[in-house]
*Asks:* 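Take a look at this one; I'll ask things after.
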Protein chains: 2
Amino acid sequence: MAVTLQQIADKAGVSRGTVDRALKERGRINPEVAAKIRKIADEMGYQPNRAGRALAMAKHSIKIGIIIQSMETPFMQGVLEGAKDAKQEVERLGATVTIRKISELDSDKVIAAMHKMKGAGYNGIGLVASDEERLADTIDQFTEEGISVVTFNSDAAGTKRMCFIGQNAGQSGRTAAGLMAEILPDNAVVQVISGYASNQSHKERAEGFINELNQCRPDVKLLGIRYAYDNDRAAAEITQEVLKEHKELNGIYLAASGAKGVCQVIGEKGLKGSVKVISNDITDSNIESLKNGTIQFILGQDAYSQGYRPVMVLFDKLFDGKDPEEEYQYTEIVIKTKYNI
Amino acid sequence: MAVTLQQIADKAGVSRGTVDRALKERGRINPEVAAKIRKIADEMGYQPNRAGRALAMAKHSIKIGIIIQSMETPFMQGVLEGAKDAKQEVERLGATVTIRKISELDSDKVIAAMHKMKGAGYNGIGLVASDEERLADTIDQFTEEGISVVTFNSDAAGTKRMCFIGQNAGQSGRTAAGLMAEILPDNAVVQVISGYASNQSHKERAEGFINELNQCRPDVKLLGIRYAYDNDRAAAEITQEVLKEHKELNGIYLAASGAKGVCQVIGEKGLKGSVKVISNDITDSNIESLKNGTIQFILGQDAYSQGYRPVMVLFDKLFDGKDPEEEYQYTEIVIKTKYNI
DNA sequence: TTGAAAGCGCTAACAA
DNA sequence: TTGTTAGCGCTTTCAA
């Protein structure tokens, strides 16, 4: 049995309440007594019992809100799953977690949801951010009013949010480049297809890829970035155009969605395996293409963690007052082939 | 605030105790009343509060023992770290976790440790198994006496243990083959270096690798398996011999330890990058070779999970009576390059 | 500055 | 078969 407050109190010859005050440094206590108690607690290896704490705090319950955007993607479904598991876990300790789903990407709706939560007494909020200024202002305002905010998946850098949980997009691009470098023949030709020029993640991935590939395979010829707007039709058309102009094409890197379109064209032209494809995100259609050999590698984000950890970080903060160790909590960059999917 | 037993009791017009008996199906209760209570609990969406439960059970405390073998490897250090984190987590709920380290691989010592724990009243044990018959008998005996047993890292198949948590070795080998297939030139020559012919994991990895490579790259010439007994010196000598006989060697797959020796020879001969090396286990020296380009891919096991999950599986079983969903809980097969390490 | 006591949700022993 | 009650370890309020 672990050490309890009462045991420390007995040893120190004081009451439980005094020990609690000493250890929580709440003041209203004789400094000498406090020091002595802390020493005893230390010697006995006191570790507060979480169950007791949770129970005692049940009335001032912790309320956490999670605002998830653009639910339609399978990636976001993974995030949702992680968030739900975390919800269940902390609710069993008496907290309340509400997951608010917003279908589109819409900062105004996010801000509205945040205010609603504040009104309802929520003390922690996790959200998928964007770089809208009004959203940044709202985050800062909430933080100053004592509501803990974390961003996940997409950051609002420069704000007062506690931390960001998500992928290091540049590293993801560089990892893709490293893989491409291994599997390309000499003097290969490679096309990068991105999503939106304005999307920060897409941009960082593409830049990371290009910089790294230029560096470690200077013989490779990189064609200019094309944008498919996360659209399979557009990606398919781009692929056809590129293949028409560059019959010698050896590789395609997809920094965003659209792989389905690319794979379709490659399949039709019988180029499966000869044009190497590296794509992002572990989606059903990507997995299918990976298994049938059209895609060589998928670079994944750990969707589950990106939903799970924001809840946990907020809970630890609100329950224990424990700040996250890192401001940037990058999730694993996962490499998947047909064999380890 | 979540639904409590008292609220259900109020609604049903009975006492807390009765509700508890109804929901726990402990008998000694009027079946009709029980059914009614269960219905009400269902409607109200009752979720037992874990903190309350943990606190109430604090006297009949849960004692979990983890027996770890061959601590010298960095992989096992990772396992230990996971086990320690899990220990901390469940001890904060009132349980006790003891991690017993056994330096060598020695089934007798494991069995002795198990008996000691049984004597000390432990009700759950996690261990790194081997295929010794006496160990298997002990596991079955303990299980029948009501002590929950899980194996991790290395299994004791066919015993009554609750589940196994570890890597699917065959899949690891096949994944390596898939990577090798992508990066090898035509008509390449590949050497497989394993650890011990008698080691089940080593064997499954090597077989998985060979079968898959034969299948997807029939042009590749596979040299016979060599054994390095997890020894860097031996691996280095083997590498030298092989390179002497096969100047055209293109790839080496290490199914076990010894990569340090292999990389040293490859470095000395200036073959870095031209002889592709795929190795197992995320060790410091492997990481170094990965970063400097001598190793192309490391296949990792999720060491942390292999320490963390056994504790959690045992705790869930002993705390909630919840059996694990899967008998074989395979951990992720992780692909690491210099970019995502 | 300290102690005493109530109560958080649940279990289990005992009483009815 | 059911109700009652004493805790489990902790926080917090009130009284001293």
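Chain A is the first sequence line, chain B the second, and so forth, proteins listed ahead of strands; every chain is numbered from 1.
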*Asks:* Quick one: what's the B/S/- string for nucleotides 10-16 of chain C, heavy-atom cutoff under 4.0 Å, read 5' to 3'?
*Replies:* BBS-B--
*Asks:* With a 4.5 Å limit on heavy-atom distance, are the side chains of B:Val149 and B:Met162 in contact?
*Replies:*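 The answer is no; the side chains never approach within 4.5 Å.
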*Asks:* Ignoring hydrogens and geometry beyond distance, is a side-chain donor-acceptor pair present between B:Gln7 and B:Tyr46 at under 3.5 Å?
*Replies:* no
*Asks:* Calculate, to the nearest 0.5 Å, the distance between atoms CG and NZ belonging to A:Asp323 and A:Lys317 respectively.
*Replies:*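 One finds 3.5 Å between CG of A:Asp323 and NZ of A:Lys317.
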*Asks:* Any side-chain donor paired with an acceptor under 3.5 Å for A:Ser130 and A:Ser107?
*Replies:* yes
*Asks:* Please give the angle, rounded to 10 degrees, between the axes at the start and the end of the helix from C:dT1-D:dA16 to C:dA16-D:dT1, where five pairs define each axis.
*Replies:* 50°
*Asks:* Would you mind reading off the distance between B:Leu23 atom CG and D:dT2 atom C1', rounded to a whole angstrom?
*Replies:* 15 Å
*Asks:* Not counting sequence neighbours, which residues clear ring pair (Phe, Tyr, Trp, His ring centres under 6.0 Å) with B:Phe319? List them please.
*Replies:*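 In terms of ring pair (Phe, Tyr, Trp, His ring centres under 6.0 Å), with neighbours along the sequence ignored, B:Phe319 is linked to B:Phe315.
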*Asks:* Could you check whether A:Arg309 pairs with A:Asp302 (Lys NZ or Arg NE/NH1/NH2 to Asp/Glu carboxylate O, under 4.0 Å)?
*Replies:*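 A:Asp302 and A:Arg309: not salt-bridged.
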*Asks:* Nearest whole Å is fine: how far is D:dT11 P from A:Glu25 CD?
*Replies:* 13 Å
*Asks:* Please report the distance, rounded to the nearest Å, between CG in A:Leu93 and P in C:dC8.
*Replies:* 17 Å
*Asks:* Is any side-chain N of the basic residue among A:Asp316 and A:Arg50 closer than 4.0 Å to the acidic one's carboxylate O?
*Replies:* yes
*Asks:* Report the residue (B:Ser15 or A:Ala54) whose heavy-atom-nearest nucleotide on DNA chain D is the more 5′ of the two.
*Replies:*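 Per heavy-atom nearest nucleotide, the more 5' residue is B:Ser15.
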*Asks:* Is B:Arg161 close enough and on-axis enough to B:Tyr328, meaning under 6.0 Å and within 45°, for cation-pi?
*Replies:* yes
*Asks:* Whole Å only: how far is the NZ atom of A:Lys36 from the P atom of C:dT1?
*Replies:*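 The distance from NZ of A:Lys36 to P of C:dT1 comes to 16 Å, rounded to the nearest Å.
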